[in-house]
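Accompanying notes for the structure given below.
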There are 2 protein chains.
Amino acid sequence: MTTISVDEPHREQKPQRNLAQKLVQEILQKIESKVLVPGDKLPKEADIMQEHGVSRTVVREALQRLQASGNVETKHGIGTFVLNNKGQGPMDLSFDYVNDAVEILELRIGLEVEIAGLAALRRTDEQLVEIRKALDALRAIDRNGHVSDAGSADFNFHLLIAKSAGNHYFVDIMQHMENSLVPRKRIDVSHVNHEHEEVYTAIERGDSYAARAAMRLHLTNSRERFLKLARQ
Amino acid sequence: MTTISVDEPHREQKPQRNLAQKLVQEILQKIESKVLVPGDKLPKEADIMQEHGVSRTVVREALQRLQASGNVETKHGIGTFVLNNKGQGPMDLSFDYVNDAVEILELRIGLEVEIAGLAALRRTDEQLVEIRKALDALRAIDRNGHVSDAGSADFNFHLLIAKSAGNHYFVDIMQHMENSLVPRKRIDVSHVNHEHEEVYTAIERGDSYAARAAMRLHLTNSRERFLKLARQ
DNA sequence: GAGTGGTCTAGACCACTTC
DNA sequence: AAGTGGTCTAGACCACTCC
């Protein structure tokens, strides 16, 4: 009886390319099947490496995708946790004011993230100057405490960026949304200004990737700030 | 008393974290200052490594960001090339039909990429079934050659995904855009179907990251196919 | 077959959080 | 100080393109 002796642990020859993609799907399945529920902590990276027999590069690539998806959240020095986006429905609390405002914010994320990316690639120097002016005006208003004017100044900043994206449809929709925007009141202005600056500098240096990331961060933070206020 | 024994070849004078981000900005500056112009080939990764004194990980991270930004394009086995998004203006060819259609496609990219990501997180099983039906109907139409119906069937597929995103604003805008959509004619149907399948499977398994990527790929490819047709 | 990008591994050191 | 994620290095092998 001749058994072909293979010293390998097993004929596990899966030259599978894209181990990260596979890991993503396996973790998503654990979330889908309730093995992992919102709030749960994922195993530490070293454990995931051993469990799936892959290197840390693969684990981190998978976790980064799950972060970008909004499925999990990673906290430096603590761990990675499952978020509660799926499962509790399309935030069907009720058709009230809060829910409507959040939906508007979600719409703006889709539009303005793309707008910021295009503006970084296409803005003229003249348009950049106008955006800078709007930003300075907004900061001046905040310093003087004329909060009532801040809403329209904030909108103007976003609208000027839309006009720098070189696509009039974006401008049209933004203008139609003007009356639906959440009024700014007692919001942590320093955070907003810092986020605006991040968006501006990315557009200034033509960094589309950073512009998109900065705009997304700004709008998701705005959503969180609004929800925090609404719950009070 | 513990002596930290670390073999240091030399005094590393740059403990700089985020080398990739720095590399991105340096390459963007070369594009901005016309040292690199659209169509130019970047040095191969090994050369960039040596030139900047960083590992390949850093180089590849930087190039991936520049790809995501639309600043460069990488071709497997060939090289990385500078794209011409910046500098030649907001595609100010003229206000003709072609330009308008492209702007609509850009708007759809912003909206539908976000829609696909949300749909992957929120879709119900019932909604998934409806999307599957629309996809099958579309394939049947393509097989039978009833190209005239394909446009509305295609729109229906996209609309059903929007309805699965749990935000009625997205649905409203999509419906308003229905009449503005580019009619499908003599387009490479097999590619479109394959791209639709990619979007569907990502939404099916709740992979928001993949859903976004698949939708973006589908719509940018649609734009390229349209432009190719328009130039004929 | 040579050249170039794509994926993966193993390990080192840094930064943040908690005890 | 211990634990965990963040960044970076060096090197191996695979996949695609072109000659």
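Residue numbering restarts at 1 for every chain, and letters A, B, ... go by the order of the sequence lines. Please read all numbers here as calculations on a predicted model, not as lab measurements.
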Practice task
Calculate the interatomic distance between A:Gln64 atom CD and C:dC8 atom C1'; express it in whole Å.
Solution key: 15 Å
Practice task
Measure the distance from CZ on A:Phe81 to P on C:dT17 and round it to the nearest whole Å.
Solution key: 12 Å
Problem - Selected nucleotide, minimal atom distance to A:Ile78 side chain, candidates C:dT18, C:dT4, C:dA12 - result: C:dT18
Exercise for the section: Give a yes/no answer on whether the side chain of B:Arg60 brings an N or O atom under 4.0 Å of OP1 or OP2 in C:dG5. Expected result: no
Handout entry: Interatomic distance, B:Glu45 CD vs D:dC14 P [rounded to whole Å]
Key = 18 Å
Fill in the blank from the handout: Checking D:dT9, C:dG6, D:dG5 against the side chain of B:Leu19 (C-beta onward), the nearest is D:dT9
Problem - Whole-Å gap separating C1' (C:dT4) and CD (B:Gln67) - result: 14 Å
Problem - Residue pair A:His158, A:His218: steps toward the ring-ring contact (aromatic ring centres under 6.0 Å, His included) verdict - result: CA-CA 11 Å; A:His158 286 267; A:His218 171 49; 5.3 Å; yes
Problem - Euclidean distance, atom NE2 of residue A:His52 to atom C1' of C:dC8 [Å, nearest integer] - result: 16 Å
Problem - Partners meeting side chain to side chain contact (heavy atoms under 4.5 Å, CB included) with A:His52 (sequence neighbours left out) - result: A:Leu23, A:Glu26, A:Ile48, A:Val54
Handout entry: Atom-pair distance (NE2 on A:His76; P on C:dC14), nearest Å
Key = 13 Å
Exercise for the section: Just call it for A:Thr57: base, sugar-phosphate, or nothing, with non-hydrogen atoms closer than 4.0 Å on any strand. Expected result: base
Problem - B:Leu118 side chain near B:Arg123 side chain, heavy-atom distance below 4.5 Å - result: no
Handout entry: Nucleotide of D:dC8, C:dG5, D:dG6 approaching B:Lys44 most closely (side-chain heavy atoms)
Key = C:dG5
Problem - d(CE, B:Met49; C1', D:dC8) in whole Å - result: 11 Å
Completion exercise
Atom CD of A:Gln21 and atom P of C:dT7 are separated, to the nearest Å, by 11 Å
Exercise for the section: Decide if atom CD of B:Gln29 counts as having more than 12 heavy atoms of other residues, nucleotides or ligands within a radius under 6.0 Å. Expected result: no
